A.B. asks: 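Sharing a structure here in structure tokens format.
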Amino acid sequence: MVYPLVVTKRMMEHPADSHTMKRYEATGGYVAARQSVGQTREELVELVKASGLLGRGGAAFSAGLKWSFLAPARPAYLVVNGDESEPGTFKDRQLMERDPHQIVEGMIIAAKANEVHDSFVYIRGEYPKPARRLQQAVADAYAKGYLGKGIFGTDYDLELTVHLGAGAYICGEETALLNSLEGRRGEPRIKPPYFPAAKGLYMKPTIVNNIETISNLPHIINQGSEWFAGLSDSADTGTFMMSISGHVNKPGNYELPHGLTWREVIYDVAGGIRNGNELKAWVPGGASAPWFVPELHLDRPVTKEACAADGSMLGSGAIIVMDHTTDMVGAAERLVAFFAEESCGQCTPCREGTTWLDMILQRVLNGAGRDADIDLLLDVADNISVGLGWPPKQTTICPLGPSAVSPVMSLVRHFRDEVEAHIASAPHSGGQGVAVSIRGIA
Amino acid sequence: MSWSAETIKRAHDIVARYPEPRSAVMPLLYLAMRQDGYLTADGMKQVADLVGITPAQVQSVATFYVMFKTEPKGKYLISMCTSISCYLMGADDVLHAIEEASGVPAGEADDEIGVEHAECIGACGGAPACLVNYELIEGLTVEKAKELVRWLRDGKPETINGDELQTLFGSVTSFDWAIKEDNAAIGPYPAFPVFGTAAQNTDALEPGRGA
Ligand SMILES: Cc1cc2nc3c(=O)[nH]c(=O)nc-3n(C[C@H](O)[C@H](O)[C@H](O)COP(=O)(O)O)c2cc1C
Ligand code: SF4
Ligand code: FES
């Protein structure tokens, strides 16, 4: 099947130089930015609202609606989120490396729509190569007068600064990101204020959008909101990027239409399971998403709505596929360990709870599990997210803590027998277990 | 090491890019790492003076982020991803191979090589993956990881280039890298020309706001 491409079209057609100004302009680049600099905020906001574009950073919030919430105080800022750190997600890296001008152009459009004269891209510190590519594109755009004072010969000024993080997943959460950009510890802010659009960077109105969200903007300007909305039958319009990893034959990033089935995504797009193995389970939308299993979900559509109805989410578009050789306790431990490591430490349920969940899973894995450990896991999980429902209830400042509950619940719901088997194989399952680190971390 | 006039100028240029000076703390901490190889008390004091906050405030920022190292990490820092997708593809074995071949347990460093486990580095389609001075290798194996350690120990490369690493030690990638790049890392911090932390800093140092 050939699917219509939007944000990856140029890099697929021109692999050798899709990152250059020359190729970008030869393929219609900066036409949309030039046009939108002459448009009003109302026109641009209405256009993006009508396109139905939803944020691609995980929360799937309408981009146009978010823009319309921007408080009237000025200066306002635009901050693009390139922190991409959700396990399984690597789409924004490709967009930054292979089509950086698309991001610069998208930012010019978003800046004009929100009356912003000062914009930033926050890229995770582990991505120096994407940052170098984007910085080169920014420098080229300045040289051409597309950024800086009086862009495109108008009287509109726009600065764009590439900023590097330094290794903290939590800085992907938008208020943590803003604290980090202010030169502080990357701790999520206590809400309210709920939206950076009201009080964001330096407590000024701020739009935070994801790299992929921004990359769509030039195309919406050029081809119209109806075209963009028409690419999809779902309320989630346009295309979306999926990062597929794990035990598939063809891992990678794929730009896909909404509404394929999971069977099509895993077996057709990603080439099926390695060595002809059996599919055991998959994570549908990043480490925070409850798992899907073939018996229940393989023929369900890959849409925001269907995932929500099935108690999970598409989130950041990261699919992690596990075959029948996978030790599901091991997989859950690894996911929980991520959240334990990345907890910023502000909230007790998150800081302590994720660490306890990880220690219990480690001892079960290491043959020191106790009979009561499943109940204990559920009890600790319930203290982090009361009621253990979906979407998870939050006892914490941000959703990171409750995210760690997803793998635990998925494990107990679908693979309880495996946990019990691990515990039964422990020599003294009724006695004291010892948690042993398997990765040299405390 | 006290900062050269050129480095101080670069620091001022970076501060000028932001609406408020404090926002420059993180870039300046990278500059400080470039000076000494890691963050020293002097380096953090220098950063504090440049942005007008206290050394304690700088330290509280520095200690929040894993890439700001307050201890030496050698010349080459190997960060092996052990998150879910890499774990599923055998990352633990690769990390053990790196530890054995280098004689450096994860979390530690000798004068030359530092080894650490990392959380997802955004290379899950090319799992298992690692970074050497934050330049990427995708599609590692136990054998190739051992070769990597020997190559670093014996060859003592001055700079670390991602394309070279990938050609020598990698295989499957998350996506087609397509375009070769000349720039390279010079120490255990990200190579970014604006910070003067790359082999070639012939910037792309676009002036922006400061100009
Ligand atoms: C723990 C956590 C981590 C997040 N990480 C990212 C991230 O790496 N990249 C991203 O774009 N959004 C991330 N988000 C979502 C952002 O907070 C924010 O919603 C998003 O950047 C807004 O852009 P969008 O509306 O265009 O999606 C994260 C959220 C949470 C709670
Ligand atoms: S939930 Fe966790 S990561 Fe989020 S603010 Fe609280 S402690 Fe920090
Ligand atoms: S899980 Fe290793 S790079 Fe993402």
Side-chain angles (χ1 to χ4, degrees), chain A residues 15-17 19 84-85 87-90 93-94 98 118 124-129 131-132 135-136 138-139 142 148 159-169 180-186 202 243-247 251-253 287 320 322 326 330-331 334-335 338 341-342 438-441, chain B residues 17-20 22-27 29-30 51 60-61 64-68 82-85 87-89 92 95 105-107 117-127 131 134-136 162 172 174-179 181 183 185 190-194 198 203-204 206-209:
Chain A
D17 62 356
H19 65 305
E84 185 167 76
S85 310
T89 317
F90 46 99
R93 178 162 74 91
Q94 183 166 357
R98 302 294 305 280
D118 216 337
R124 65 179 299 192
E126 296 89 339
Y127 277 6
K129 181 177 170 186
R132 290 193 294 267
Q135 179 63 38
Q136 185 63 56
V138 167
Y142 267 103
E159 305 291 350
L160 197 168
T161 300
V162 177
H163 186 90
L164 249 68
Y169 162 70
S180 182
L181 188 51
E182 289 183 6
R184 300 170 198 281
R185 294 164 70 86
Y202 316 120
S243 304
I244 311 182
S245 64
H247 298 148
N253 286 321
I320 303 156
M322 297 176 267
T326 310
R334 217 37 84 93
L335 287 162
F338 173 81
E341 176 101 1
E342 298 296 337
I438 46 171
R439 283 186 315 288
I441 47 165
Chain B
R17 291 172 160 250
Y18 294 93
E20 297 191 7
R22 184 173 179 153
S23 285
V25 165
M26 293 174 67
L29 284 170
Y30 283 129
V51 302
S60 92
V61 174
F64 186 83
Y65 301 92
V66 296
M67 290 172 65
F68 292 137
T82 53
S83 285
I84 182 73
S85 304
Y87 161 80
L88 291 172
M89 300 302 281
D92 287 10
L95 178 57
H117 90 91
E119 297 300 342
C120 180
I121 55 176
C124 332
L131 299 167
Y134 303 102
E135 297 300 311
L136 181 61
V172 56
S174 294
F175 51 84
D176 183 1
W177 289 17
I179 314 130
E181 205 197 13
N183 218 337
F192 190 54
V194 176
D203 303 0
E206 149 28 37
R209 170 201 310 283

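Because the structure is predicted, anything quoted here is derived from the model rather than measured.
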A.B. asks: For residues B:E119 and A:E341, determine if any side-chain heavy atom of one lies less than 4.5 Å from a side-chain heavy atom of the other.
C.D. replies: yes
A.B. asks: In sequence, state the C-alpha distance, the side-chain angles, and the governing distance for A:T89 and A:E84, and then conclude on side chain to side chain donor-acceptor pair (under 3.5 Å).
C.D. replies: CA-CA 7 Å; A:T89 317; A:E84 185 167 76; 5.6 Å; no
A.B. asks: Quick one: of A:G148, A:S85, A:A331, who has the most non-hydrogen atom pairs under 4.5 Å with chain B?
C.D. replies: A:A331
A.B. asks: Using the ring-ring contact (aromatic ring centres under 6.0 Å, His included) criterion, which residues pair with B:F64? Sequence neighbours excluded.
C.D. replies: none
A.B. asks: With only heavy atoms counted, which part of A:L164 is less than 4.5 Å from chain B, the side chain, the backbone, both or neither?
C.D. replies: both
A.B. asks: Is the ring centre of B:F68 less than 6.0 Å from the ring centre of B:Y30?
C.D. replies: yes
A.B. asks: In terms of heavy-atom pairs under 4.5 Å, which option from B:W177, B:Y134, B:F192, B:F175 contacts chain A the most?
C.D. replies: B:F175
A.B. asks: Under 4.5 Å from any heavy atom of chain A, what part of B:L131 do you find: side chain, backbone, both or neither?
C.D. replies: side chain
A.B. asks: Heavy-atom pairs under 4.5 Å with chain B: which of A:S243, A:P87, A:A168 has the most?
C.D. replies: A:P87
A.B. asks: Most heavy-atom pairs under 4.5 angstrom with chain B, which of A:S245, A:G183, A:P128, A:A166?
C.D. replies: A:A166
A.B. asks: Report yes if the distance between the aromatic ring centroids of A:Y169 and A:F338 is under 6.0 Å, otherwise no.
C.D. replies: yes
A.B. asks: If you define the side chain from C-beta out and look only at heavy atoms, does anything of B:I179 sit under 4.5 Å from A:D17?
C.D. replies: no
A.B. asks: Considering only heavy atoms and a distance below 4.5 Å, find which of B:G125, B:P105, B:S83, B:A123 pairs most often with chain A.
C.D. replies: B:G125
A.B. asks: Output the option from A:G186, A:G125, A:G88 having the highest count of non-hydrogen pairs under 4.5 Å with chain B.
C.D. replies: A:G186
A.B. asks: Using heavy-atom distances under 4.5 Å, tell me whether A:A16 contacts chain B through its side chain, its backbone, both, or neither.
C.D. replies: backbone
A.B. asks: Which atoms of B:L136 come close to chain A, meaning under 4.5 Å heavy atom to heavy atom: side chain ones, backbone ones, both, or neither?
C.D. replies: side chain
A.B. asks: May I ask you to decide whether A:R132 forms a salt bridge with B:E181, counting only side-chain N to carboxylate O separations under 4.0 Å?
C.D. replies: yes
A.B. asks: Under a 4.5 Å heavy-atom cut-off, does chain A meet the side chain of B:A191, its backbone, both or neither?
C.D. replies: both
A.B. asks: Just jot down the salt bridge (charged side-chain N to carboxylate O under 4.0 Å, His left out) partners of B:R22, sequence neighbours excluded, or say none.
C.D. replies: none
A.B. asks: Identify which of B:S174, B:C124, B:C120 forms the greatest number of heavy-atom pairs closer than 4.5 Å to chain A.
C.D. replies: B:C124
